[in-house]
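Every chain is numbered from 1, with letters handed out A, B, ... down the list of sequences.
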Protein chains: 2
Amino acid sequence: MGKRTAPRSPRRTDGLTRERIIQSATELLDGGGEGALTLRALTRRLSTGYGAIYHHVADKDDLLAAATDDVLTRVLSGAVAGPDPRETLRGLVLGLFDAIDAHPWVGAELSRQPWRPALLDFYERVAQLLDALAVPESARFDAAGTLMNYVLGVAAQNAANARHLADSNTDRSTFLDAAAAQWAQVNPSRYPFVHAAVTRLREHDDREQFLAGVDIFLTGIAAL
Amino acid sequence: MGKRTAPRSPRRTDGLTRERIIQSATELLDGGGEGALTLRALTRRLSTGYGAIYHHVADKDDLLAAATDDVLTRVLSGAVAGPDPRETLRGLVLGLFDAIDAHPWVGAELSRQPWRPALLDFYERVAQLLDALAVPESARFDAAGTLMNYVLGVAAQNAANARHLADSNTDRSTFLDAAAAQWAQVNPSRYPFVHAAVTRLREHDDREQFLAGVDIFLTGIAAL
DNA sequence: ACCCCGTTGGATCGGCGCTCCAACAAGCTA
DNA sequence: TAGCTTGTTGGAGCGCCGATCCAACGGGGT
């Protein structure tokens, strides 16, 4: 005679959509890093159950990929094409850099899934701008791939840095101080260059260093 | 009166060491990819329990990092220094490329933990060779970082490819065929360059393309 | 009034990393 | 020899994870 089933939460009136789920997932990721996206946390945030979520989303990978595509699409649509292809290219990759700076989990996901359709658009734009830079067709494949690999490498690096920052609960300057202190302790005779780099490490700007790398590649590409 | 505790496995006679654990972990990783390294699988393979493993190893991250350091150290000690710094540098990064090709999980781990001490040695060697290539001291910091980022980007890419290959249980050629087929389906008018790249994708060699990227970088460096 | 059937919420499952502790072997002390 | 200490070992159990499965709903068509 006792209640055989627990009282059930009232059914939601507003429909759950894929978009709303992806948006909530993005908020979780932005707020607490890659580890913060769990289905349990998502059900809590959306006040729903697993079934409802899995009705709109295939699995967690699908969700993470969709959130990544979302960010990437915004980057692409925000990139403006100017008269100078070199400047346009720099702006394009810088847009990706900034997006990953704002959403570090995107960097980690891109290096895990480098063949998403949204990256195809990126590849296309890069190749198109290389064409405008008079890179011969024979070298465009290698050049575009190399540039993309560099950008993705920086993306992963930034994602890793952000992860460590979040774990240690410190701000950027103390993090750099700790890294510099660690580097400063290495044997200067065995690691002369690393030791000398300590000074630069503390005053360097990730964004500028990224652009410096892009320029190195563009200079090398121009010689092809 | 019944046996209150289950009969216990006989205690091992040969001592368990950190090295043996790392070696077994490496075998698991090489055999089944990143997902194959679980503590349960490790206890089975070593015929032991969790306690014994955790007595020698801090946690799973420590284990993975140690296995990665192991591979990386071997790469560094295997790199030979020749008279030509440019050739030596190419050989150094190519050694890393080949190691990651043989142990793709290393690539994933390096992009997750890009500040391991073993990578510091790598950084040092790169900077040293850039110095030999007459890269001015002011540009060496950016140049070394850029090259490392590129190499790590390729590493992550290769790791991702290996993961997909392992998941789909196909060989490389059919994988490339599938990728090419997917790319060939994209709208040629919207993606002219990607569409044109299909041909090259099927005949391209990862190793050669990696070296082409290194050469682009070296050309760009020479202009600093 | 009926009954679909697309949605929803949550119990449940197997597997994971990790903690904790009893059991044991080898060495030391007396 | 007998006891005690100390460093290892094996495994039960905890809390979490992603994912499955299904009963319970409720709006729309008949």
Side-chain angles (χ1 to χ4, degrees), chain A residues 2-25 28-29 32-68 105 108-109 112-113 163 167, chain B residues 2-25 28-29 32-68 105 108-109 112-113 163 167:
Chain A
K3 47 174 190 277
R4 304 203 51 76
T5 60
R8 186 171 259 250
S9 298
R11 206 182 168 88
R12 73 179 319 113
T13 58
D14 54 334
L16 206 54
T17 64
R18 186 168 222 263
E19 284 67 35
R20 296 219 319 139
I21 294 174
I22 292 173
Q23 185 196 331
S24 289
L28 281 174
L29 288 164
E34 313 171 45
L37 176 58
T38 69
L39 284 165
R40 269 161 246 269
L42 204 55
T43 57
R44 257 175 267 137
R45 172 172 268 263
L46 289 168
S47 319
T48 182
Y50 303 100
I53 291 178
Y54 275 91
H55 181 76
H56 296 276
V57 157
D59 54 15
K60 198 192 174 182
D61 281 353
D62 179 31
L63 182 54
L64 201 48
T68 305
W105 51 272
E109 178 62 10
R112 220 171 288 129
Q113 308 261 0
R163 206 162 33 235
D167 287 355
Chain B
K3 49 175 191 276
R4 304 203 49 77
T5 59
R8 186 172 260 248
S9 297
R11 206 182 167 88
R12 72 180 318 115
T13 58
D14 56 334
L16 205 54
T17 64
R18 185 168 222 265
E19 284 65 35
R20 296 215 325 137
I21 294 174
I22 292 173
Q23 186 196 332
S24 288
L28 281 174
L29 288 164
E34 314 169 44
L37 176 59
T38 69
L39 283 165
R40 269 159 245 270
L42 203 55
T43 57
R44 258 175 266 137
R45 171 173 266 262
L46 289 169
S47 317
T48 183
Y50 303 101
I53 291 178
Y54 274 89
H55 182 75
H56 297 277
V57 156
D59 54 14
K60 199 193 174 183
D61 281 351
D62 179 31
L63 182 54
L64 199 51
T68 304
W105 50 273
E109 178 61 11
R112 222 170 287 129
Q113 309 261 359
R163 207 164 32 234
D167 287 355

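With salt bridges taken as basic N to acidic carboxylate O contacts below 4.0 Å, none links A/D61 and A/R112.
The nearest whole Å value for the distance from the CG atom in B/L28 to the P atom in C/dC16 is 12 Å. Distance B/D14 CG to D/dT8 P: 14 Å, rounded to the nearest Å. Remark: C1' of C/dG17 and CD1 of B/I21 are 15 Å apart, rounded to the nearest angstrom. Across the protein-nucleic acid pair, A/H56 atom NE2 and D/dA19 atom C1' stand 17 Å apart, rounded to whole Å. At whole-Å resolution of the value, OH in A/Y50 and P in D/dC17 are 8 Å apart. Atoms CG (B/L46) and P (D/dG11) sit 13 Å apart, rounded to a whole Å. C/dG14 atom C1' lies 16 Å from atom CG of A/L39, rounded to whole Å.
Comparing atom distances between the A/L16 side chain and each of C/dC18, D/dT9, C/dT8 picks out C/dT8 as nearest. The side chain of B/T38 has C/dG17 as its nearest neighbour among D/dA19, C/dG17, C/dT8. Taking only side-chain atoms of A/A52, from C-beta outward, the nucleotide of D/dT9, C/dT8, D/dA19 with the closest atom is C/dT8. Candidate nucleotides D/dA19, D/dT9, C/dC18 were compared by shortest atom distance to the side chain of B/K60, and C/dC18 ranks first.
The phosphate of C/dT8 (OP1 or OP2) has no side-chain N or O of A/H55 nearer than 4.0 angstrom.
Taking the nucleotide of DNA chain D with the nearest heavy atom to each of B/R12 and A/R44, the more 5' of the two is matched to B/R12. Annotation: of the two residues near DNA chain D, A/A41 and A/A58, the 5′-most nearest-nucleotide partner is A/A41. Each of B/Y54 and A/G49 lies near DNA chain C, and the nucleotide nearest A/G49 is the one positioned closer to the 5' end.
B/L42 and B/S24 get closest at one heavy-atom pair: CD1-CB, 3.9 Å. Minimum heavy-atom separation, A/A67 to A/I22: CA-CG2, 3.8 Å.
Across all strands, B/L63 comes closer than 4.0 Å to no nucleic acid atom at all (heavy-atom distances). Among the heavy atoms of the strands, none lies under 4.0 Å from A/L42. Here A/T43 lies out of heavy-atom contact (under 4.0 Å) with every strand.
Checked by distance alone, A/R11 brings a side-chain donor or acceptor within 3.5 Å of a matching partner on the base of C/dT7. Under 3.5 Å, the side chain of B/R40 and the base of C/dG17 form at least one donor-acceptor pair of N or O atoms.
Separating the CG atom in A/L29 from the OG1 atom in A/T68 is a distance of 8.0 Å, to the nearest 0.5 Å.
Of the possible polar contacts, none joining the A/H56 side chain to the A/I21 backbone as a donor-acceptor pair under 3.5 Å is found.
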